[in-house]
Amino acid sequence: MASLLFRRRLSPAIISYKSLLHGGGEFYLLPGNMATEASFGICNCLRKFRSSTAARKVDFTDLTRPHTWYPHARKKSRNVFLHVGPTNSGKTYYALKQLESSSSGVYCGPLRLLAWEVAKRLNKSNVPCDLITGQEREEVEGARHKSITVEMADVTSDYDCAIIDEVQMIGCRTRGSSFTRALLGLAANDLHLCGDAAAVPLVQEILKVTGDTIKVQYYERLSPLVPLKVPLGSFSKIRTGDCVVTFSRTEIYKMKKQIEAGGMHRCSVVYGSLPPETRTRQATMFNDASSNSDVLVASDAIGMGLNLNISRIIFSTLQKFDGVEIRDLTVPEIKQIAGRAGRYKSNFPVGEVTCLNADDLPLLHSSLDYPSPVLERAGVFPNFDLLYMYSRLHPKHGIHEILDHFMDNAKLSEHYFIANCDELLKVAAIIDTLPLSLHDKYLFCISPVEMDDDISSQGLTQFATNYSNNGLVRLREIFTPGTLKVPTSHTALKELESIHKVLDLYVWLSYRLEESFPDRELASSQKAICSMLIEEFLEGQGWQRPRTKRLTQKSRSISLISQETRQKF
Ligand SMILES: Nc1ncnc2c1ncn2[C@@H]1O[C@H](COP(=O)(O)OP(=O)(O)OP(=O)(O)O)[C@@H](O)[C@H]1O
Ligand SMILES: [Mg+2]
């Protein structure tokens with residue numbers, strides 16, 4: 001680890017605890033200001049709470065009426081429009097048109113990339129639009145519209161119009177509760193929900209108790225998607241506009257190399273652990289017909305809502321490791337990914353989809369014909385207020401014990417499940433060793449850390465420890481600017497991706513604990529350097545350029561760093 005100097009190491013007990021844990025994936029943050037989310041139900045609880053005898057009678061683990069947690073939205077009779085249909089049917093397009101013509105509004109997307117795309121689109125159409133994600137606040141003068149990631153939804157503001165994109169995510173094991181919160185909590189006159197028809201019965205059921213009116217609008221695919229009867233067979237048959245889908249980063253780089261070795265094509269790559277800005281630039285390069293990248297090798301990170309110039313999707317496999325086991329892709333996953341081919345108004349009016357190997361074709365074809373299974377339950381998760389009130393009755397319990405208690409004892413109605421919080425529990429096990437308030441512990445728990453990534457988890461531990469010791473966390477205490485280099489191996493690349501995650505985490509914390517994490521600008525500039533260096537690596541991969549026309553990688557990286565650092569320090 002070249003640039004992160006961790007002064008304190010994890011205790012052996014924690015390391016052994018961590019090594020027992022598995023699972024993975026990115027955990028997305030919940031809203032910053034949870035305290036403002038006091039609801040009818042919670043206010044009632046608080047009133048009763050003043051008498052401790054009464055408090056003991058309140059069951060804080062009763063989560064059967066989550067719609068009562070959002071008094072602001074419950075004061076409105078919302079017009080809810082469900083825009084449902086297959087991928088590439090214009091659902092988001094239609095909803096965005098409504099947003100553009102509204103007097104104020106918010107777009108809630110599942111990905112930072114989509115939030116960026118929408119903010120850019122609205123600003124281009126002369127509708128000033130702020131961009132707000134866990135790690136970004138880009139405010140535009142006079143803006144009455146916002147484009148955000150769903151976890152940032154503000155349930156205390158009034159909107160004329162709101163959109164929740166990919167609303168079928170309410171059924172997601174980990175992030176479902178953020179979509180449910182937005183669905184129940186956004187106080188908008190018109191609420192547009194875009195997504196798969198599989199979510200319709202559940203949304204109708206959930207909203208029966210809110211007094212909203214619901215209209216369902218069905219959409220048809222705007223351009224054809226043709227499942228091919230023959231597999232690709234070999235990378236020698238790759239052509240411009242193809243996107244090869246595979247699920248491990250090792251495979252992604254292996255396939256990029258194999259395709260580029262043919263000498264005919266140049267590949268962009270998109271996968272989850274690449275910095276989001278790098279993902280966007282790789283996608284933009286692929287979309288741009290004048291760039292020399294004409295093939296995409298990607299993971300399911302391209303699966304949701306993105307508009308790419310893909311002619312043909314080629315699944316190299318229909319199985320993926322989901323953090324616990326290797327499993328077949330689900331019908332919705334296959335459809336979402338396949339739906340990226342032949343986007344309406346893209347360079348390719350007809351999309352095609354196939355597999356690398358003939359054995360996978362039957363599953364591909366049957367999945368594309370099969371309707372997505374109807375969603376039965378939506379995710380729900382106790383907010384900070386509930387955890388806090390419970391903790392007042394059990395002052396000796398750490399956050400791990402409290403979360404565990406909610407997991408085991410939560411009462412739920414038949415339409416809800418309690419969101420999986422394995423990732424939070426991993427952080428909680430570490431954070432509980434520090435003398436922090438419950439609110440601070442909660443913040444660290446919901447921060448976007450990947451606990452299965454050693455560098456990322458050590459970064460979090462270091463930030464939390466320094467914060468607990470001094471109340472102030474200077475980035476330079478654990479990070480030495482100017483030491484980042486263009487990676488020369490895949491291990492170094494992975495390390496740089498992890499360092500980017502740590503810097504991203506610092507920025508996230510700086511928006512919530514502003515005075516204690518004062519080096520946001522430094523962290524952001526170092527993040528930008530990380531992405532540039534990763535892109536330098538990607539440019540250099542498997543593509544032989546004449547040496548005379550370019551500086552060598554090493555000398556470029558040094559000049560890049562020194563130039564950047566000169567600007568910043
Ligand atoms: N009426 C239209 N006029 C021009 N372009 C359109 C129109 N409808 C949709 N498009 C374009 O077609 C593409 C697909 O539309 P959109 O993203 O709304 O589909 P979607 O149904 O939301 O797909 P997904 O389920 O994959 O999110 C986008 O590039 C969009 O801008
Ligand atoms: Mg869409």
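Remember, it's 1-based here, ligands and their atoms both numbered in the order they're listed.
- Using a cutoff of 4.0 Å between basic side-chain nitrogens and carboxylate oxygens, K120 and E117 are not scored as salt-bridged.
- Ligand 1 has no nitrogen or oxygen under 3.5 angstrom from a nitrogen or oxygen of Y94.
- Separation of the Y219 and Y93 ring centroids does not fall under the 6.0 Å cut-off.
- Between R340, M304, Q336, it is R340 that holds the heavy atom closest to atom 26 (O) of ligand 1.
- For R121, no nitrogen or oxygen atom sits less than 3.5 Å from a nitrogen or oxygen atom of ligand 1, counting backbone and side chain alike.
- A cation-pi arrangement is absent between R520 and Y506, since the terminal nitrogen or guanidinium carbon is not both under 6.0 Å from the aromatic centre and inside a 45° cone about the axis.
- Set against the non-hydrogen atoms of R343, the atoms of ligand 1 under 4.0 Å away are 14 (C), 16 (P), 17 (O), 19 (O), 23 (O), 24 (P), 26 (O).
- When atom types are taken as modelled, the side chain of S456 and the backbone of D453 share no donor-acceptor pair closer than 3.5 angstrom.
- Counting atoms of ligand 1 from 1 in the listed order, those under 4.0 Å from a heavy atom of E166 are 27 (O).
- Counting the atoms of ligand 1 from 1 in the order shown, those under 4.0 Å from a heavy atom of S89 are 19 (O), 20 (P), 21 (O).
- Taking 4.0 Å as the cut-off between side-chain N and carboxylate O, E352 and R239 count as a salt-bridged pair.
- Near L222, meaning under 4.0 Å from one of its heavy atoms, ligand 1 places the atoms 8 (N), 9 (C).
- Remark: among candidates N88, L114, T87, the nearest residue to atom 14 (C) of ligand 1 is N88, based on non-hydrogen atoms.
- Summarising the geometry, atom CG belonging to D130 is positioned 5.0 Å from atom NZ belonging to K146; distances are rounded to the nearest 0.5 Å.
- The Mg ion (ligand 2) has an N, O or S atom of T92 closer than 2.8 Å.
- For an aromatic pair to be called close, the ring centres must be under 6.0 Å apart, and H265 with F235 fails this.
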